[in-house]
Amino acid sequence: MGKKEEIAEIFYNIASILEIQNVQWKPAAYRKAARSLESLGEDIEDIYKEKGIKGLEEIPGIGERLAKKISEYIETGRIKEWEKLKKTLPSGFYEILKIPGMGVKKAYVLYKKLGIKNIKDLEKAVRSHKISKSGIFGFKEKTEENILQGLEFLKKTGKEERKLLSQVLPLAQQLREQILGIKGARKADIAGSLRRMKETIRDVDMLVCCEEKLISNIARLPVVGRVTAKGSTRASIVTKQGLQVDIRVVPEESYGSALQYFTGSKEHSIHLRKICIKKGLKLSEYGLFRGKKRIAGETEQEIYKALGLQYPEPELREDRGEIELAMKNKLPKILGYNEVLGDLHVHTNASDGNNTLQELAQYAKVLGRKYLAICDHGGEHLPITNALSVKELERQIKIIDKFNSKSEIFILKGAEVDILANGSLSLPDSILKKLDIVMASVHSGFKFPEEKMTFRVLKAMDNPYISVLGHPTGRIIHEREPYKINLEKIFEKARERQIALEINAFPNRLDLNDTNVKLALDHKCKFAIGTDSHVKEHLSYLVYGIAVARRGWATANDVLNAWPKEKLLKWLRR
DNA sequence: GCCGTTTTCGGCCCGACTGTTTTCAGTCG
C-alpha cells in the first residue's frame, strides 16, 4: 500500500467515526477526498515535495484542512486528530466495515449492544445465532445469513486484487453476446469502468433493454455461476469465472441516460448533476428533466447536447477537466481505436520471443497492421535471456531487408537496448545507427534512489540514436511498483531530444499509464504504442495501449504509430 | 470539510434493493 492509499484509508475511517457522531456533510467530504487520493495518478509525496501544501490543495476534494492533515502524515507518519479519534472505537471495528452489506450504522449497533469488536467476534456471534436471538431492532435471521455470506465473500475475495482489463473485457463481451441472444433482448451494453477502459476492473456493469421479466432468463445463462440479488430492474450475478456483474434493465426512452449514468465515473456524473441543478434541470438514470418533462434520455449524445456540452468519449470521463473543456467545445479529438496502423514493440524467437519474424508478420497482417517494429533485446551479458549480440543483430537486419523486399507488411529494424547502471547502452552506436528504431529501457537496478535513476535515464537519452524510451516507469501491475524517477525531467528531455515515450500495451504493464500520458502531453511529448509481444497472440494487446492513450487525452497526431509509414520513417530518421 | 459563471456563506447527486419496524433506514453504486 502506497502513501496515498494509507491516507485514503485514514480518511475513510475518519468519515465512519464522524458518521457515528452524526456529524453532517463531513463524512461525505472525507470520503470524496479519500476516493480522490486513490485515483490520483501522481505520487502524493512527489506533489508535496514539489509544490507543498498548495499542490495538495489542487487535488479535487482536498482543501486547506485536509491538505494540512496530508502534509502532517507525510512529515510525521501520523495524523494527530486521527490518533485521538480512533481511540473512540476498537481497532478491529474498521475491518468489519469491509464486509459487503455492513455499514457504519449496523456495525456500531452490534458493537454497542453485543460488544462485537472485530471480525472474529462477529463471525462467532453469527454462527451461534447470538445476533438474531438478541432481539436487537432490525437484526433477524436473514441479516445474520447475509453477514455470513459477506464474511465468506470477504475471505475469498478480500485479498484478491482488481482484475486486469484484459482479463475482464473478453468475458464481458461474451456475456453481452449471450444476453443479446435471448429472445426479446433489444440492446445490451457494457458500462462502468470497463467502458471507460480503466487498467484494472473490480466488477462489470451491464445495461440491457428488454422486458423486465427477461431478467430471470439472464440470471439463468450458462456463464452465470451465482445470483446474489435480483429485482425487477436489477440483478447481481457472479460468473463461473468469478467475475461480479451488475445487470440493469432499462426502458428504451431512458437508455442513454442510464448508459451515461452507469458509465460514470462517479466524479464525472456528480459534476454533471451539479451543472444540471444550476440550470434548473435534474439528471438521473431515467433522463434529463425540466420539472416533470423529460427533455433528453434516449441517447447519451442528446443529454450532453441538451446541457450545452460536447460529447466526451467514455475514456475521458474522470472529471479531470473534460467537463470544463466540453463546455467550451474544446475537447481533444482523441486517438481512435482504428487509427493505429502498426505495432512498435515486438520480440521474435531470435531473443526471448516464441515466434519467428515470418509468423509474427503474418499474424500482424491478419490483424490489419501495416507495419511492425522488431525490437529484440540487444547486448551481451544482460540480465535478459537471449539478448542479441552485434553480429546477430546485423544478421537480423539483413533478414529483414530481404523480407521487406517481397512483403506487404513492412518491418522496421529495431532493438530494445538496455540502459545500464551508469546510463550507457548495451549496444554500441555503430550498430544502433543501422536501425530504424531504437528503444532504450531499464531492466535492472529498479531500486536505485530517484536521483541516480533519473540521472541514468537522462544520460541514456542523450544518445543520438535513441528514438523511444521503453516502459518509462517499469511498473508491473500487482507485481512491481514504478521505480523512483523524476518524470517531469524525463518528459522535458524527451521533448528536447525528440524521443517518443512508450505506451507499453502489455496488459500488466500499461506503462506509461493514463495520467502520466496526460502529464507528458502537457510537456508536448510524442508516444509510441507497443505490445511488447513475445508470442504472436500478444499482438492483439494493442487495444489496451490505445485505451491508455485515449484515457491520457492523446490524439492521432501525438502517437507515432498512428502515422503512415512514410511519415513515421521520416520522423525516425531525422 | 469542500467549493464557487447566481454564493467566501450556504449549499452539498439520485435512486434501487433489502430486510424488516409494512414505512423506512441502511447500504450500495
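These numbers come from the heavy atoms of this one structure, side chains and all, not from hydrogens, waters or symmetry mates. So that the names make sense, note that chain A is the first sequence line, chain B the second, and so on, each numbered from 1.
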Pairwise N/O distances under 3.5 Å, protein to nucleotides 10-12 of chain B:
residue, atom, partner, partner atom, Å
dC12(B), N4, Trp25(A), NE1, 2.7

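- OP1 and OP2 of dT5(B) both lie 4.0 Å or more from every side-chain N or O belonging to Lys279(A).
- The side chain of Thr233(A) lies closest to dA16(B) when the candidates are dG1(B), dT21(B), dA16(B).
- For Tyr286(A), the side-chain atoms get nearest to dA16(B) when compared with the rest of dC13(B), dT18(B), dA16(B).
- Residue contacts shown for Tyr261(A) include a base, since a base heavy atom lies under 4.0 Å away.
- Closest approach to the Lys278(A) side chain among dT21(B), dG29(B), dT6(B) is made by dT6(B) (side chain taken as heavy atoms from C-beta onward).
- Proximity of Lys142(A) to the phosphate of dG19(B): a side-chain N or O atom is located under 4.0 Å from OP1 or OP2.
- Cation-pi contact between Arg273(A) and Phe289(A): absent, since separation from the ring centre below 6.0 Å together with deviation from the ring axis within 45° is not met.
- When heavy atoms are screened at a 4.0 angstrom cut-off, Pro27(A) is found touching no nucleic acid atom at all.
- Under a 3.5 Å cut-off, the side chain of Ser36(A) and the backbone N or O of Pro60(A) do form a donor-acceptor pair.
- For Lys187(A) and Tyr255(A), the positive end sits near the middle of the six-membered ring, less than 6.0 Å away and at most 45° from its axis.
- Using a 4.0 Å heavy-atom distance criterion, Lys69(A) is classed as a sugar-phosphate-only contact.
- Leu283(A) comes within 4.0 angstrom of sugar-phosphate atoms only, judged by non-hydrogen atoms across all strands, and of no base.
- With dG19(B), dT21(B), dC13(B) as the choices, the nucleotide that has an atom nearest any side-chain atom of Asn146(A) turns out to be dG19(B).
- Regarding Lys266(A), its NZ atom lies at a distance of 14 Å from the P atom of dG15(B), rounded to whole Å.
- Listed candidates were dG15(B), dG29(B), dG1(B). Nearest to the side chain of Arg248(A) is dG29(B).
- With P as the reference atom, dT6(B) and dG15(B) are 23 Å apart, rounded to whole Å.
- Nucleic acid contact class of Ser269(A) (heavy atoms, under 4.0 Å, all strands): none.
- Applying the 4.0 Å criterion to OP1 and OP2 of dT20(B), one finds that Thr143(A) has a side-chain N or O inside that range.
- Among the heavy atoms of the strands lying under 4.0 Å from Lys26(A) is at least one base atom, whether or not backbone atoms are also near.
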Pull out every protein N or O sitting under 3.5 Å from an N or O of nucleotides 24-28 of chain B, one pair per line with the distance.
residue, atom, partner, partner atom, Å
dT27(B), OP1, Gly103(A), N, 2.8
dT27(B), OP1, Gly103(A), O, 3.1
dT27(B), OP1, Lys106(A), N, 3.0
dT27(B), OP2, Lys105(A), N, 3.3
dC28(B), OP1, Gly101(A), N, 2.7

